[in-house]
Amino acid sequence: MRTPLATALVLLASAAAAQAACDVKGAKLEEAIAAKSELRETANKQTVRDLRTLRDAAIVLETYKYATECERLVEIVRALAANPEKTIERGGDTDEDKAEDLMEAREPKAPTAGETLKPK
């Protein structure tokens, strides 16, 4: 009698833990992109890249056990994908200096002379 009860409790606990995880797949970003003609236009490729980057960031947050932050980011992705006209309008920053700064920030940096890598 105790074994079925214990098994049921373990299953219930694992189901609760699984639901507590961030539902990145539930955002259905790729489906939203396919459904919105604005997001399929060539001129809006950067917006689509940004949405995918945000989705990927949510996955990273989930991996590092930041479920609350992941869920918030998924909500943002859903909201942006649901209203592409507003998203495209908001993301219309064409400041080239800003874009260059972002590209430079993305490049991996070599350690400086004072920062030597320590062997493990």
Side-chain angles (χ1 to χ4, degrees):
M1 182 80 171
R2 289 183 187 215
T3 303
L5 180 59
T7 304
L9 288 174
V10 169
L11 289 174
L12 184 61
S14 64
Q19 277 199 325
C22 182
D23 187 18
V24 177
K25 274 188 170 179
K28 297 185 178 182
L29 178 60
E30 294 305 321
E31 291 86 343
I33 292 168
K36 306 286 183 173
S37 61
E38 299 95 329
L39 294 175
R40 292 190 318 266
E41 292 175 9
T42 305
N44 299 322
K45 281 184 179 182
Q46 183 60 50
T47 300
V48 171
R49 275 193 298 271
D50 292 345
L51 289 170
R52 289 178 174 143
T53 299
L54 290 171
R55 180 209 41 216
D56 294 348
I59 292 168
V60 171
L61 288 170
E62 181 182 27
T63 300
Y64 285 100
K65 310 293 187 241
Y66 286 94
T68 304
E69 291 80 358
C70 175
E71 282 296 332
R72 179 67 183 123
L73 195 48
V74 168
E75 289 174 22
I76 292 168
V77 169
R78 281 187 184 130
L80 292 172
N83 192 348
E85 288 178 13
K86 186 175 181 183
T87 300
I88 292 163
E89 181 181 309
R90 290 172 96 183
D93 188 352
T94 58
D95 184 346
E96 289 188 25
D97 291 333
K98 187 176 178 181
E100 287 176 16
D101 289 343
L102 285 172
M103 291 303 290
E104 183 180 325
R106 288 181 177 154
E107 292 177 17
K109 305 292 186 251
T112 59
E115 296 177 348
T116 57
L117 297 175
K118 298 177 184 175
K120 292 184 178 183

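In this chain, numbering begins with 1 at the start of the sequence shown. Treat the numbers as computed from the prediction; the structure is a model and nothing was measured.
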Checklist entry - Side chains of Arg52 and Ile33: does their closest heavy-atom pair fall under 4.5 Å? => result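 Yes, side chains in contact.
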Item to check | Min side-chain heavy-atom separation Thr68-Arg72 under 4.5 Å | outcome: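 Side-chain contact under 4.5 Å: no.
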Answer with yes or no whether the hydrophobic clustering places [X] together with [Y]; edges join I, L, V, M, F, W, Y residues whose side-chain heavy atoms lie under 4.5 Å apart.
| X | Y | value |
| --- | --- | --- |
| Ile76 | Val60 | yes |
| Ile59 | Val77 | no |
| Leu61 | Leu51 | yes |

Next on the checklist: Looking at Glu31, I want to see if its CD is surrounded by more than 12 non-hydrogen atoms of other residues, nucleotides or ligands under 6.0 Å.
Outcome noted: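 Counting neighbours around CD of Glu31, more than 12 heavy atoms of other residues, nucleotides or ligands fall under 6.0 Å, so yes.
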Would you give me the side-chain donor-acceptor pairs under 3.5 Å for residues 38-47, sequence neighbours excluded?
residue: Arg40; atom: NH1; partner: Ala34; partner atom: O; Å: 2.4
residue: Asn44; atom: ND2; partner: Glu38; partner atom: O; Å: 2.7
residue: Gln46; atom: OE1; partner: Arg49; partner atom: NE; Å: 3.3
residue: Gln46; atom: OE1; partner: Arg49; partner atom: NH2; Å: 2.9
residue: Gln46; atom: NE2; partner: Asp50; partner atom: OD1; Å: 2.7

Checklist entry - Which atom names give the shortest non-hydrogen contact between Leu73 and Ala57, and what distance separates them? => result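 Shortest heavy-atom separation between Leu73 and Ala57 comes out as CD2-CB, 3.6 Å.
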Item to check | Verdict with supporting geometry, Glu85 and Asn83, side-chain contact (heavy atoms from CB on, under 4.5 Å) | outcome: CA-CA 6 Å; Glu85 288 178 13; Asn83 192 348; 4.3 Å; yes
Checklist entry - Leu54 and Leu80: side-chain contact (heavy atoms from CB on, under 4.5 Å), yes or no, with the steps? => result CA-CA 10 Å; Leu54 290 171; Leu80 292 172; 3.8 Å; yes
Checklist entry - How would you list all residue pairs meeting side chain to side chain donor-acceptor pair (under 3.5 Å) that involve residues 57-66, not counting sequence neighbours? => result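 For residues 57-66, and leaving out neighbouring residues, there are no side chain to side chain donor-acceptor pair (under 3.5 Å) pairs at all.
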Could you tabulate the donor-acceptor pairs under 3.5 Å formed by side-chain atoms of residues 21-29, not counting sequence neighbours?
residue: Asp23; atom: OD1; partner: Gly26; partner atom: N; Å: 3.0

